[in-house]
Amino acid sequence: MTLLILIIVLALIFDYINGFHDAANAIATVVATKVLTPFQAVVWAAFFNFLAYWVFGFGVADTVAKTAHTMEINLVVILAGVIAAICWNLLTWWLGIPSSSSHTLIGGFAGAAVAHAIAVHGFSGYVGEDGATHYWYEIVSWYKAGKDGGMPSGVIIIIAFIVLAPLLGALASYLISIWLLNASRKSIGPKIFTLALMIATVWFVYAQMVPYSEIDKPRFDSHFWSVAFDAHNIKWFLVAFIILTVSAFCLIFSSLNLHQADAALKKMQLLSSAAFSLGHGGNDSQKVMGIIAAAVAVYINTNPGVHMDAWLDVVLPNDDAGIKGVMPSWIPLACYSAIAAGTLSGGWKIVKTMGSKITKVSSFEGVAAETAGALTLYFTEHLKIPVSTTHTITGSIIGVGLTKRVSAVRWGVTVSLIWAWILTIPISALLAGLVYFVLSVFI
């Protein structure tokens with residue numbers, strides 16, 4: 001039990017470090033454009049990090065918890081993964097490199113699991129409880145097909161989104177920038193497009209709504225409020241609110257002078273940064289929830305017949321067996337609080353990289369980048385894919401830079417960042433493997 005408590009404490013410390021390491025993702029553009037002072041920006045971002053507790057479910061947490069097969073590992077594996085993730089995060093923060101905290105954690109967890117499999121079984125095959133022959137590399141959940149043709153999961157999918165998340169962010173921010181640029185012109189075409197987009201958004205979001213009859217645990221006696229505040233529905237309401245707000249601005253953009261337009265864009269940056277902070281909190285806090293859930297599951301597996309207190313009564317969901325997940329409310333509350341506190345501490349070295357070194361950012365670019373980043377995070381969270389908020393916002397900033405000209409993006413800085421992204425998972429995995437072998441000597 002002591003080791004389990006230690007893992008939970010270290011996981012929350014990692015969550016705190018994640019907050020100040022990734023604070024730049026949400027506040028870099030509002031600080032660069034002087035919409036908010038640095039202190040105001042971190043308070044703003046921290047508030048919405050915490051607010052994500054009431055918005056998002058636990059899909060990403062479930063994906064992270066199942067990075068390795070919990071029936072085949074022990075608590076030392078998870079401890080090694082968390083320690084390695086903390087070390088890599090602190091190093092990249094110190095160097096001012098906006099690496100991915102998400103991939104650091106995934107890489108650490110997977111690397112420690114592989115080291116454990118090699119230490120226990122070696123490189124040769126072994127017969128598992130199911131009577132089949134298994135190998136050391138199978139301890140990691142590399143790929144699992146989606147149920148009923150849904151989105152597949154596994155470490156390979158997470159690795160794929162190292163490329164796809166920034167590309168989606170870049171494409172979305174490029175398209176939003178083109179949309180805003182055309183809306184600034186006094187012609188009817190952009191306004192017709194905007195109205196059509198507003199109608200399509202309302203129709204699409206309405207189609208995604210979960211009716212009262214399908215809500216497992218209604219939050220209120222009232223049908224209306226239960227539907228309105230269901231976690232799944234809130235997320236889609238936010239998507240609609242973001243798109244409709246930008247659309248409303250596009251309808252009046254051409255009638256504003258330069259000063260009025262800049263003032264309006266700065267106000268919209270508050271909305272876009274808040275939306276991205278919500279996505280940051282919802283995406284990254286869930287990863288720590290997943291690690292804590294995996295640790296509890298491993299503790300139960302390695303201590304058969306143990307009675308867990310209600311505060312640690314965690315059950316991982318199993319769609320194949322029809323088992324729904326259970327997570328005590330203190331775990332998400334603690335995770336969201338830790339990441340909000342970390343964000344409140346700020347991460348000024350990375351703010352400088354994100355806010356000015358990739359491309360020069362104005363209020364216009366800030367709105368486009370943060371809006372695109374937020375929508376990308378909501379989309380990937382809906383698919384239960386743990387993506388990097390760092391990669392997403394970096395891709396979004398590059399996307400708005402490309403609308404000016406290719407040379408507006410400082411590609412030397414960008415290439416260095418991409419190398420950091422590529423190396424994060426393998427270095428974290430190797431570091432976690434070494435930590436595992438060291439810990440195994442003493443534990």
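Predicted model, so just to flag it, every value in this text is computed and none were measured. We number each residue from 1, following the sequence as shown.
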Next on the checklist: Let's go through N233 and F237 carefully: what are the C-alpha distance in whole Å and the side-chain angles of both, what is the deciding distance for side-chain contact (heavy atoms from CB on, under 4.5 Å) to 0.1 Å, and is it a yes or a no?
Outcome noted: CA-CA 6 Å; N233 292 344; F237 284 141; 4.1 Å; yes

Please list, one pair per line, the donor and acceptor atoms closer than 3.5 Å that link side chains of residues 162-182 to other protein atoms, with sequence neighbours excluded.
from : atom 1 : to   : atom 2 : distance (Å)
S173 : OG     : G169 : O      : 3.1
S173 : OG     : A170 : O      : 3.0
S173 : OG     : S396 : O      : 2.8
S177 : OG     : S173 : O      : 2.8
W179 : NE1    : T194 : OG1    : 3.1
N182 : OD1    : R185 : NH1    : 3.1
N182 : ND2    : I178 : O      : 2.8

Next on the checklist: Test of understanding: with ring-ring contact (aromatic ring centres under 6.0 Å, His included), list the residues that count as partners of Y436, not counting sequence neighbours.
Outcome noted: H116

Item to check | Heavy-atom pair with the smallest gap, counting every atom of V288 and C335 | outcome: CG1-SG, 3.8 Å

Checklist entry - Ignoring hydrogens and geometry, is there a side-chain-to-backbone donor-acceptor pair from E381 to L377 under 3.5 Å? => result no

Checklist entry - What is the distance from atom CD1 of I157 to atom OG1 of T63, rounded to the nearest 0.5 Å? => result 10.5 Å

Next on the checklist: I'd like to know if the side chain of D262 reaches the main chain of L258, judged simply by a donor and an acceptor atom lying under 3.5 Å from each other, with no hydrogens or angles considered.
Outcome noted: no

Checklist entry - Do M327 and P332 have side-chain heavy atoms sitting under 4.5 Å apart? => result yes

Item to check | Nearest heavy-atom neighbours spanning L197 and S247 | outcome: CD2-OG, 4.3 Å

Checklist entry - Hey, does the side chain of T302 reach the backbone of Y299 with a donor-acceptor pair shorter than 3.5 angstrom? => result yes

Next on the checklist: I need the minimum non-hydrogen distance between P386 and V60, along with the two atoms involved.
Outcome noted: CB-CG1, 3.6 Å

Item to check | Audit row: L430, L434, side-chain contact (heavy atoms from CB on, under 4.5 Å) steps and yes/no | outcome: CA-CA 6 Å; L430 288 171; L434 292 173; 5.6 Å; no

Next on the checklist: Measuring only between side-chain heavy atoms, which start at C-beta, is L431 closer than 4.5 Å to C87?
Outcome noted: yes

Item to check | Gap between atom CD1 of I393 and atom CD1 of I398 - 0.5 Å precision | outcome: 11.0 Å

Next on the checklist: Would you say that more than 12 heavy atoms from the other residues, nucleotides or ligands in this model lie under 6.0 Å from the CZ of F379, or not?
Outcome noted: no

Checklist entry - So, W44 side chain and L270 main chain: donor-acceptor pair closer than 3.5 Å or not? => result yes

Next on the checklist: Can you tell me how the ring of Y53 sits relative to the ring of Y336, calling it parallel under 30°, perpendicular over 60° and tilted otherwise?
Outcome noted: perpendicular

Item to check | Donor-acceptor pair between N49 and T343 side chains, under 3.5 angstrom | outcome: yes

Next on the checklist: Tell me the closest heavy-atom pair linking D15 and A338, and the distance in Å.
Outcome noted: OD2-CB, 3.7 Å

Checklist entry - Can you tell me how far OG1 of T376 sits from CG of N283, rounded to the nearest 0.5 angstrom? => result 11.0 Å

Next on the checklist: Quick check on the 6.0 Å ring-centre criterion: do Y378 and F56 meet it?
Outcome noted: yes

Next on the checklist: Would L6 and L3 count as a side-chain contact (heavy atoms from CB on, under 4.5 Å) here? Give the steps.
Outcome noted: CA-CA 5 Å; L6 176 62; L3 193 56; 4.3 Å; yes

Next on the checklist: Please find the pair of heavy atoms, one from I73 and one from A113, that lie closest to each other, and give the distance.
Outcome noted: CG2-CB, 4.2 Å

Next on the checklist: Quick check: do F276 and T389 have side-chain heavy atoms less than 4.5 Å from each other?
Outcome noted: yes

Item to check | V298, V296, L79 screened by side chain to side chain contact (heavy atoms under 4.5 Å, CB included) with I7, the one that passes | outcome: L79

Checklist entry - So, the side chain of H280 versus the backbone of G19: is there a donor-acceptor pair under 3.5 Å, distance only? => result no

Checklist entry - Quick one: CG on N303 to CG on N74, what's the gap to the nearest 0.5 Å? => result 11.0 Å

Checklist entry - Is there side-chain contact between L91 and W88, with at least one heavy-atom pair below 4.5 Å? => result yes

Checklist entry - Taking C-beta and beyond as the side chain, do V246 and M268 meet within less than 4.5 Å on heavy atoms? => result yes

Checklist entry - Do the ring centers of W142 and Y137 come within less than 6.0 Å of each other? => result no

Checklist entry - Between F48 and L51, is any pair of side-chain heavy atoms under 4.5 Å apart? => result yes

Checklist outcome for this item: Rounding to 0.5 Å, atoms OG (S363) and CD (Q269) come to a distance of 4.5 Å

Checklist entry - Going by heavy atoms in the side chains, are H382 and W236 under 4.5 Å from each other? => result yes

Checklist entry - Taking it one step at a time, do N18 and T104 satisfy side-chain contact (heavy atoms from CB on, under 4.5 Å)? => result CA-CA 10 Å; N18 186 356; T104 300; over 6 Å; no

Item to check | Shortest non-hydrogen separation from T133 to G125 and the atoms involved | outcome: CG2-CA, 4.1 Å

Item to check | Point-to-point distance, once rounded to the nearest 0.5 Å, from OG of S388 to NZ of K287 | outcome: 6.5 Å

